[in-house]
Novice: 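After the structure tokens below, expect a handful of questions from me.
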Amino acid sequence: GNSVTQMEGPVTLSEEAFLTINCTYTATGYPSLFWYVQYPGEGLQLLLKATKADDKGSNKGFEATYRKETTSFHLEKGSVQVSDSAVYFCALRKPGNQFYFGTGTSLTVIP
Amino acid sequence: EAQVTQNPRYLITVTGKKLTVTCSQNMNHEYMSWYRQDPGLGLRQIYYSMNVEVTDKGDVPEGYKVSRKEKRNFPLILESPSPNQTSLYFCASSLGLAGGIGSNEQFFGPGTRLTVL
């Protein structure tokens, strides 16, 4: 079957710390991979994406590389800010357009 | 402004009383979808639609119905709501895909918090 597994939170970091949120997936075929961010009281927003193996998605200082050999799509940022505090979701979209989301990882950045 | 709107934003109802949550998008998107978000479970897809009159089940379709009579609207219908359908619901839309493979961004609505007593 298809599924996404994310590291459990919550994660609390100091400002300017390095962030990694692990994401691994199980999928048939060749899915596209996404990271979405949800700020309090809002819907999800696309953060970055990758459509094939070895693609690197990046946006707002966040990066993630589609690793087919390890079925992973870990999210990283070199220096987090207080404004990065949110819930982060890893997701896959399999051919046929069904989506699968991880359970979300809550990040709090303290000054 | 390009957006996905949902109504109502908050709803408290009782078991068995039929309800509809509306979803509308103004971006001429072919693809629309409904999700529910529950603590510890993340988002789970309920139904999705590739275009008008085309709908498919997601991971958790039981107890829900949808329709897609117009491109812009994708209502979610609970014929006989039960307490286990208490959740936060999101509608989303994106451009359609050629060949079924792609990375088009999904735009999410603001969410509807439903409580079934």
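In what follows, every chain begins at residue 1, and chains take the letters A, B, ... in the order their sequences are listed.
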Novice: For the CG atom on B:L41, are there more than 12 heavy atoms of other groups (residues, nucleotides or ligands in this structure) within a distance under 6.0 Å?
Specialist: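 Atom CG in B:L41 is crowded, with more than 12 foreign heavy atoms closer than 6.0 Å.
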Novice: Could you check whether atom CD of A:Q45 has more than 12 heavy atoms from other residues, nucleotides or ligands sitting under 6.0 Å from it?
Specialist: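 Count over threshold, so yes.
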Novice: Return the CZ to OG distance between A:R93 and B:S94, rounded to the nearest 0.5 Å.
Specialist: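 If I round to the nearest 0.5 Å, the distance is 4.5 Å.
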Novice: Which region of B:Q37, side chain (C-beta onward) or backbone (N, CA, C, O), has a non-hydrogen atom less than 4.5 Å from a non-hydrogen atom of chain A, or is it both or neither?
Specialist: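 Side chain only.
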Novice: Counting only non-hydrogen atoms closer than 4.5 Å, does B:F107 touch chain A with its backbone (N, CA, C, O), its side chain (CB onward), both, or neither?
Specialist: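 Looking at B:F107, nothing touches chain A.
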Novice: Is NZ or CZ of B:R44 both nearer than 6.0 Å to the six-membered ring centre of A:F89 and within 45° of the ring axis?
Specialist: no
Novice: Does B:K57 NZ have over 12 foreign heavy atoms under 6.0 Å away?
Specialist: no
Novice: Side-chain heavy atoms nearer than 4.5 Å, only ILVMFWY residues, links allowed to pass through others: does that put B:V52 and B:M32 together?
Specialist: no
Novice: Taking the side chain as every heavy atom from C-beta outward, state whether B:D59 and A:Q98 have any pair of such atoms under 4.5 Å apart.
Specialist: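 Yes. Closest side-chain heavy atoms under 4.5 Å.
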Novice: Inspect the surroundings of CZ in B:R113 and state if more than 12 heavy atoms from other residues, nucleotides or ligands are less than 6.0 Å away.
Specialist: no
Novice: B:L43 versus chain A, heavy atoms under 4.5 Å apart: side chain, backbone, both or neither?
Specialist: both
Novice: Is any side-chain heavy atom of A:F99 closer than 4.5 Å to one of B:Y35?
Specialist: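 B:Y35 vs A:F99: side chains touch.
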Novice: Please report the shortest heavy-atom distance between A:G41 and B:R9, naming the atom on each side.
Specialist: O-NH2, 4.3 Å
Novice: If you draw a 6.0 Å radius around OH in B:Y10, do more than 12 non-hydrogen atoms from other residues or ligands fall strictly inside?
Specialist: no
Novice: Under 4.5 Å between side-chain heavy atoms, counting indirect links through other Ile/Leu/Val/Met/Phe/Trp/Tyr residues: same cluster for A:V109 and A:Y39 or not?
Specialist: yes
Novice: For the residue pair B:F108 and A:F101, categorise the inter-ring angle as parallel (less than 30°), tilted (30 to 60°) or perpendicular (more than 60°).
Specialist: perpendicular
Novice: Tell me, for A:E8 versus chain B, whether the close heavy atoms (under 4.5 Å) come from the side chain, the backbone, both or neither.
Specialist: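 Contact with chain B is absent: no heavy atom of A:E8 under 4.5 Å.
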